[in-house]
Amino acid sequence: MSVPAIVFCASAPSGVCSSPHYSCQIGSSHGLPDYELNSRLPASSTVAAASSVSGQKPMLGGLSCLFSLPSIRYAPSAATSSFTGGDDLGSLWHDRSDELGSSLSYSPYSSSIKGRDLSPVSVFQGPGSCSGSIGMAVSCSSRSPPCLRSSREWNGGDLRVGRERLFNGFVRNASSCLDYDSTSFPMAGGGGGIDVEEFAFSVEEGLGELGYEPYAREFLSGAQSRHKIFNEEFVKKAFYEAGKAHRGQMRLSGDPYLQHCVETAVLLANIGANATVVAAGLLHDTFDDSFVTYDYISRGFGADVADLVEGVSKLSHLSKLARENNTASRTIEADRLHTMFLAMADARAVLIKLADRLHNMMTLEALPMVKQQRFAKETLEIFAPLANRLGISSWKEKLENLCFKHLYPDQYKELSSKLLRSFDEAMIASAIEKLDRALKDGGVSYHVLSGRHKSLYSIYTKMLKKKLTMDEIHDIHGLRLIVKNEEDCYTALDIVHQLWPEVPGRFKDYITHPKFNGYQSLHSVVLNEDMLPLEVQIRTRDMHLQAEYGFAAHWRYKEGDSQHSSFVLQMVEWARWVVSWQCETMNIDRPSSFGDADSIRPPCPFPDHSDDCPCSYTKQCDHKGPIFVIMLENDKMSVQEFPANSTVKDLMVRVGRATERWPAYGFAVKEDLRPRLNHEPVSDSTQKLRMGDVVELSPALPDKSLTEYREEIQRMYDRDFTVSQGNWRS
Ligand SMILES: Nc1nc2c(ncn2[C@@H]2O[C@H](COP(=O)(O)OP(=O)(O)OP(=O)(O)O)[C@@H](O)[C@H]2O)c(=O)[nH]1
Ligand SMILES: Nc1ncnc2c1ncn2[C@@H]1O[C@H](COP(=O)(O)OP(=O)(O)OP(=O)(O)O)[C@@H](O)[C@H]1O
């Protein structure tokens, strides 16, 4: 059966999400979520160690069978039975992800999955040059982010061919009637655009194909009731494709896998992501968990969606590597990983990965305790900081609170029971209303008046850091007012102090005396009617932009002492800018806010950053480094930093492998003996390294063993020589 044609709404607005969405409700902000429990396990693939070691040139044949060096191999095929097990069963190379459930268990009707390509996916395919792939309108221009690349430039051809081959071998003729022949989608017209005329997709028909999956219709209508974007044809089509790709796959909890895809997409929709991102969210696991190919998605949904799905896949693989190696527990490497994740993928792919992780964290309970902890640790070290860097504070808080719950359950329980009594959402709402009225009466107009209560984890870390009790934290409830000019800041402050009494000693005038990083704002702590402290921050729009996107950006303030290179700053600011323009409601996910949130966005509308924009950090595409590279040596992973334009040889020199043996055999030796770059044996030592590359090294032999091996080989050689001489003589 071929895939039905699709109609894409010509007018389907990208990124439409009209109603402001206050998604950060009591449960999430409190850190007292009421989450459903489920989980999944990802596919497995195997890592086989192959071995050999180099010695003297003539001996290589003998050596390769004597010693063993790790070199990753892929199981040529994997039947359904190999999909069971924990995430650790997933191959080091393949477990895409979040993998909260590394076992995809298949229901009896999962006839569609007969086998599976266990090839490494895109993260191991070498990147190409910097060519922006953010959004449709952005290419490698002066406005492009420092290190974005089109995934089409990654030499991923082999993988795709491999997948297609496998697919052809198994699925096309399989009884499931699934057909992922890429020709069954009409080619997207005009260089990746979509030829609207050619597609005619009926969701009824699509659901008909999923008909025997009774939950599909329910999931779709559930998503539609939560966000209108799920009524768009493009998104419905993605839903249908995701359903088809994951047909029969279940999570550990027993829930259909499709549910995870839908929940991931709903999270994205709720922060105002557009149809492209939501569709990619629905499809985010299809490359890794089914026979769906890049080309297939590209033809059906455009290269933009396919690139995003591929980007998520890359991030998943790196995350898996980092998790297994506990890499991010080392501060420097964690910092490099944050930078690398943002630099190697479109910021929207990071967004999807974050949504994927957030839903997996919400459903962590189905995993064994030890895995819960491992995921929570990695999430706290990598993903929450990424959400922070991207400025998605509601996700950051949810992720942190969930990690807190799993990593420090006792402290979590204690603090959350105390906070249950003190969190007061209604108090914030009524304070906002009261101040709004008073400002109007006082003739002060403003851009935005918002409120938040501090998250559980943020309170916990502040107590630890500043050695305070909970009662000594004064900003558990806070208001922020953004006014038109500096004078209004002081007028508004007077109004605040007329409404509520000041807590002595808590007023700070960072306008007259800015912080060393340029941060400006007025801060005051007041006591409300119930004598609860309320922190009020008052600033102008420019001060706010500086505090969100500029040198004094909140993410930097939160990261504390980290010294960021200008490259990191540029990259993060670019990513935040992309996300803030792509996600319409992201900045409105406060329990309550008044005013016009659009007015406090970065001033230039995406993607046209003006050169003189004070928030523009990204001026050029071909940044001068640094580059972060994953190095795998003796099964250990590290994240190495190199200057721009470094080569494989530079890496070998750094790790002490560029001995005289190296130039001797160059790279003309057996493939198994060469270092591998993105899984391919390196044949040219001057090959440039790029952000996110993965370099595998065969282990160096300890000197002593090397001497022994050489002696052994020499003996073998002498013996052979004697025998052959003898034979010859005889
Ligand atoms: N974006 C940004 N926000 C800041 C910065 N410094 C302070 N803030 C905000 O201002 C709040 C209070 O900062 P301060 O008044 O300096 O307070 P403090 O001395 O750190 O101690 P507390 O009042 O106990 O929080 C913080 O919780 C932040 O929300 C900064 O450099 N950048
Ligand atoms: N008084 C406030 N009113 C509104 N939003 C605030 C207020 N204070 C902080 N925020 C925002 O709330 C979010 C969460 O901040 P969080 O409470 O974790 O840290 P913080 O209060 O800014 O810093 P710290 O914990 O060091 O005091 C951030 O986006 C921050 O900008």
Side-chain angles (χ1 to χ4, degrees), residues 24 28-31 384-385 387-401 404 419 423 425 427-429 431-432 435 446 448-482 493 496 503-511 513-526 528 532-539 542-562 572-573 576 580 586-595 597 600 615:
C24 184
S28 62
S29 302
H30 285 178
N388 184 40
R389 285 188 171 194
L390 287 181
I392 315 169
S393 57
S394 67
W395 287 8
K396 171 191 172 260
E397 288 173 8
K398 284 176 186 165
L399 288 169
E400 285 177 342
N401 287 341
F404 184 30
L419 282 167
F423 269 149
E425 194 108 11
M427 182 273 241
I428 295 176
I432 286 179
L435 183 54
Y446 63 84
V448 176
L449 172 56
S450 65
R452 71 100 178 81
H453 49 69
K454 208 172 181 64
S455 78
L456 197 61
Y457 185 71
S458 186
I459 294 172
Y460 174 69
T461 47
K462 190 162 181 170
M463 285 165 64
L464 284 187
K465 209 164 104 190
K466 299 199 166 187
K467 298 191 173 45
L468 299 173
T469 64
M470 215 180 76
D471 293 340
E472 292 168 316
I473 306 276
H474 288 111
D475 66 340
I476 291 178
H477 299 95
L479 297 188
R480 182 174 288 159
L481 176 66
I482 296 161
L493 181 72
V496 167
V503 175
R506 301 295 309 174
F507 170 66
K508 286 172 191 159
D509 183 348
Y510 290 125
I511 294 182
H513 306 287
K515 284 180 62 172
F516 72 94
N517 60 5
Y519 176 76
Q520 286 189 289
S521 193
L522 297 179
H523 295 175
S524 182
V525 179
V526 294
N528 80 346
L532 275 176
L534 181 66
E535 184 198 59
V536 184
Q537 299 179 351
I538 305 171
R539 46 178 89 151
D542 283 351
M543 293 171 194
H544 182 69
L545 289 174
Q546 186 61 231
E548 285 295 306
Y549 302 96
F551 201 75
H554 194 260
W555 71 269
R556 302 185 65 200
Y557 163 76
K558 277 300 207 187
E559 285 193 9
D561 300 332
S562 317
V572 175
E573 294 317 321
R576 286 172 61 84
S580 63
M586 198 183 76
N587 296 323
I588 322 174
D589 59 355
R590 294 268 170 241
S592 48
S593 65
F594 281 16
I600 52 167
C615 298

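Please read these numbers as outputs of a predicted model, since none were measured by experiment. Numbering of ligands and ligand atoms starts at 1, following listing order.
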| request: Decide whether an N or O pair under 3.5 Å exists between A552 and ligand 1. | output: yes
| H523 contact mode with ligand 1 (heavy-atom cut-off under 4.0 Å) | side chain
| said: Does only the side chain of R506 get under 4.0 Å from ligand 1, or the backbone, or both, or neither? Count heavy atoms. | reply: side chain
| said: Give the atom numbers and elements of ligand 2 that come within less than 4.0 Å of a heavy atom of K462. | reply: 24 (P), 25 (O), 27 (O)
| message | Quick one, E559 with R389, criterion salt bridge (Lys or Arg N to Asp or Glu O under 4.0 Å). Give me CA distance, side-chain angles, the key distance, then yes/no. | response | CA-CA 9 Å; E559 285 193 9; R389 285 188 171 194; 2.8 Å; yes
| Within-cut-off N or O pair, S450 and ligand 2, under 3.5 Å | no
| message | Give the atom numbers and elements of ligand 2 that come within less than 4.0 Å of a heavy atom of K454. | response | 16 (P), 17 (O), 19 (O), 20 (P), 21 (O), 23 (O), 24 (P), 25 (O), 27 (O)
| message | Which of the numbered atoms in ligand 2 are under 4.0 angstrom from any heavy atom belonging to D475? | response | 21 (O), 27 (O)
| What do you reckon, does L479 have a nitrogen or oxygen under 3.5 Å from a nitrogen or oxygen of ligand 2? | yes
| request: Pick, from I473, N517, D475, the option with the minimum heavy-atom distance to atom 31 (O) of ligand 1. | output: N517
| Looking only at heavy atoms of K462, does any of them come nearer than 4.0 Å to an atom of ligand 1? | yes
| task | Just do the side chain to side chain contact (heavy atoms under 4.5 Å, CB included) check on H544 and R480 with the steps written out, would you? | result | CA-CA 10 Å; H544 182 69; R480 182 174 288 159; 3.9 Å; yes
| request: Would you check, one step at a time, whether the test side chain to side chain contact (heavy atoms under 4.5 Å, CB included) holds for E535 with Q537? | output: CA-CA 7 Å; E535 184 198 59; Q537 299 179 351; 3.1 Å; yes
| Where is the nearest protein heavy atom to atom 26 (C) of ligand 1: which residue, which atom, and how far? | Y557 OH, 3.3 Å
| Any idea which atoms of ligand 2 are less than 4.0 Å away from a heavy-atom of K558? | 16 (P), 18 (O), 19 (O), 20 (P), 23 (O), 24 (P), 25 (O), 26 (O)
| query | Is it the case that H453 and E425 place a side-chain donor and acceptor less than 3.5 Å from each other? | reply | yes
| message | Can you tell me if K508 contacts ligand 1 (heavy atom of the residue under 4.0 Å from the ligand)? | response | yes
| request: Name the closest protein heavy atom to atom 3 (N) of ligand 1, giving the residue it belongs to and the distance to 0.1 Å. | output: Y519 CE1, 3.2 Å
| query | Does E535 have a heavy atom less than 4.0 Å from any atom of ligand 1? | reply | yes
| Pair V536-V526, side chain to side chain contact (heavy atoms under 4.5 Å, CB included): steps then yes or no | CA-CA 8 Å; V536 184; V526 294; 4.2 Å; yes
| query | Which ligand 1 atoms are under 4.0 Å away from a heavy-atom of A547? | reply | 1 (N)
| message | Keeping N388 on the side-chain end and A384 on the backbone end, is there a donor-acceptor pair under 3.5 Å? | response | no
| said: With side-chain contact (heavy atoms from CB on, under 4.5 Å) as the test, pick out the partner of I538 among L522, I511, I482, L479. | reply: L522
| field | Salt bridge flag under 4.0 Å for residues D475 and R452 | value | yes
| Do any nitrogen or oxygen atoms of K515 come within less than 3.5 Å of a nitrogen or oxygen of ligand 1? | yes
| query | Aromatic ring centroids of F507 and H523 under 6.0 Å? | reply | no
| said: Closer than 4.0 Å to some heavy atom of Y510 - which atoms of ligand 1 meet that? | reply: 14 (P), 15 (O), 16 (O)
| task | Give a yes or no on whether the backbone of S455 and the side-chain of S458 come within a donor-acceptor separation of less than 3.5 Å. | result | no
| query | Numbering the atoms of ligand 2 from 1, which are under 4.0 Å from a heavy atom of E397? | reply | 14 (C)
| query | Are a donor atom and an acceptor atom from the side chains of Y519 and R539 found within less than 3.5 Å of each other? | reply | yes
| said: Just to be sure I read this right, does ligand 2 sit under 4.0 Å from the backbone of R480, its side chain, both, or neither, counting only heavy atoms? | reply: both
| request: Indicate yes or no: does an N/O atom of R452 lie under 3.5 Å from an N/O atom of ligand 2? | output: yes
| said: Looking only at the side chains, is there a donor atom on one of E472 and T469 sitting less than 3.5 Å from an acceptor on the other? | reply: yes
| request: Check each of K466, Q537, Q546 against atom 20 (O) of ligand 1 and report the one with the nearest heavy atom. | output: K466
| remark: Looking only at heavy atoms, the pair that brings G518 and A552 closest together is C-CB, 4.4 Å
